[in-house]
Amino acid sequence: MNPQLSIAVVLLFALFVFLVTGIRIVPQGEEWVVERLGKFKKVLKPGLNIIVPFIDRIRAKLSTRDIILDVSKQEVITKDNAVIITNAIAFIKITDPVKALYGVENFKLAIQNLIMTTLRSIIGEMKLDEALSNREIIKARLKEQIIDDVADWGITVKTVEIQDITPSPSMQQAMEQQAAAERERRAIETLAEGNKNATILEADGKLEAAKREAEAQVKLAEASAEAIRQISFSIEGQPMGAGFLLGDRYIEALRKLSDSQNSKFVVYPADLQQAIRGLFAQFGK
Amino acid sequence: MEYLAQTVAWWHWIVLGIILSAAEILIPSFIVLWFGLAAIAVGIIDLLFGTGFTTELYLWILLSVLFLAIYFRFFKKHEPVPSVGQAEGEYADIPGVIVKDLGGGRYKARFDLPVLGDRVWVVEPEGESSFREGDKIKVAHVYGQIVKVKGVSE
């Protein structure tokens, strides 16, 4: 074979090897960290990149998209000694691939643990009721508290969403008992209040009835007085008329007595006529 | 090889060049294209000057490397890299305003557009400068949970 041709073929082969080992295509959403002989060299951005074959090495391929981190369930004791179980979900993003690789051993584990401990400390400063109803405040305080911790890791914690804050089973049972007792107390109070109101209303009713009765009696007495006055006026100087009226009422009263169901024993004066006459005689004077 | 040296004609290079250039459609690497263009150039040189196969092979390697070098040296650098989903996201130069002085060279700022999913961040001036409440700023870069900002002169 022609030596020059052989050299050309070898060069061509070397070129292909160089291209195959030296060309790296990085996809969008990733950044690759390159080391040259063990030392950090550069970060490959998306697209076509060339590295020096056999000398440069891709140390890590890091995803620069948002990473979803599950912060597992943990028991937390609140300020008022209630035990609650909470878990969260965090969205983090690598904002500096070099620091994320060299600044911390395992950034996902580091962030997970950091969020867990910070969450525990924040909820530990709150009372149970506050912790249950202030998720937004917990989120904001969590982000503020980890500012300095994550600075050297090249990671930004975009948001932490508290998934669940639930009391522990024993706590839940105690809360349920408390709620039931509270409801029972309210029921007893409502019942007592009802009874009280009913008694007051009844007494008011009786009072009102008595007042009306008294008024009625007064009216009746006034009416009787008026009637007697009118009768007296009309029979003035006529004793027989008054005697007739009295006799009429007397007989009517006796009739009513005899109508009664339980009073059948009626004592009449021995001489009814004489008695009436006597009455008339009294009026006649 | 001797057979190739005797039989390869100028148009073979042109055909190889067209095939390699067309292969760019299948392999979107933007590398094979330069080999194709180099092969077409070798075919034209062979047609014009009647060069030998060995020389043509050298020329092909030389031109391919040259074209690749030119591409990487002059054109690749100016290609805009989309920032979607990258570490340096689309937050550069987002304007905002200082709302609270937290002391110790830190401030709380509210941005016109969300930066990393939130409008309110703790910020620090990028250089030695300091801000007052109400000062207008814009994002320089993100440093962990702190957004480094620079002032905006009215």
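A, B, ... follow the sequence lines: proteins, then strands. Residue 1 opens every chain.
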Is it true that, when you exclude [X] itself, more than 12 heavy atoms of the residues, nucleotides or ligands shown sit nearer than 6.0 Å to its [atom1]?
| X | atom1 | value |
| --- | --- | --- |
| A:Ile68 | CD1 | no |
| B:Glu88 | CD | no |
| A:Lys139 | NZ | yes |
| A:Gln178 | CD | no |
| B:Lys148 | NZ | yes |
| A:Glu184 | CD | no |
| B:Leu102 | CG | yes |
| B:Lys150 | NZ | yes |

Answer key: most heavy-atom pairs under 4.5 Å with chain A among B:Ile146, B:Leu68, B:Val84 is B:Val84

Answer key: most heavy-atom pairs under 4.5 Å with chain A among B:Val115, B:Val122, B:Leu116, B:Thr55 is B:Leu116

Among [options], residue most engaged with chain B (heavy-atom pairs, under 4.5 Å):
| options | value |
| --- | --- |
| A:Thr64, A:Val150, A:Ile94 | A:Thr64 |
| A:Asp152, A:Ile146, A:Leu12 | A:Leu12 |
| A:Leu19, A:Asp96, A:Thr159, A:Asp149 | A:Leu19 |
| A:Lys93, A:Lys45, A:Arg65 | A:Lys93 |
| A:Asp66, A:Asp148, A:Ile92 | A:Asp148 |

As an exercise, state the distance from [atom1] of [X] to [atom2] of [Y], rounded to the nearest 0.5 Å.
| X | Y | atom1 | atom2 | answer |
| --- | --- | --- | --- | --- |
| B:Ile31 | A:Ile23 | CD1 | CD1 | 3.5 Å |
| B:Gln86 | A:Gln28 | CD | CD | 4.5 Å |
| A:Asn49 | B:Phe72 | CG | CZ | 7.5 Å |
| A:Thr156 | B:Tyr143 | OG1 | OH | 11.0 Å |

Next item on the list: Heavy-atom distances under 4.5 Å only: say whether A:Thr95 touches chain B with side chain, backbone, both or neither.
Entry: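 Both parts, backbone and side chain.
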
Okay, A:Leu62 and chain B: the region with an atom under 4.5 Å from a heavy atom over there is neither

Looking only at heavy atoms, the pair that brings B:Tyr58 and A:Leu11 closest together is CE2-CD1, 3.7 Å

Check: Can you name the nearest heavy-atom pair linking A:Lys143 to B:Gln145, along with the distance?
Finding: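 Closest approach of A:Lys143 to B:Gln145, heavy atoms only: O-NE2, 4.0 Å.
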
>> Are A:Ile147 and B:Trp121 packed together at the side-chain level, in the sense that at least one heavy-atom pair is separated by less than 4.5 angstrom?
In response: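 No, side chains not in contact.
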
Open item on the list: Assess whether a salt bridge exists between B:Arg106 and A:Glu144, defined as any Lys/Arg side-chain N lying under 4.0 Å from an Asp/Glu carboxylate O.
Closed with: no

Quiz prompt | Portion of B:Val65 that has a non-hydrogen atom of chain A nearer than 4.5 angstrom | solution =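 Contact with chain A involves the side chain of B:Val65 alone.
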
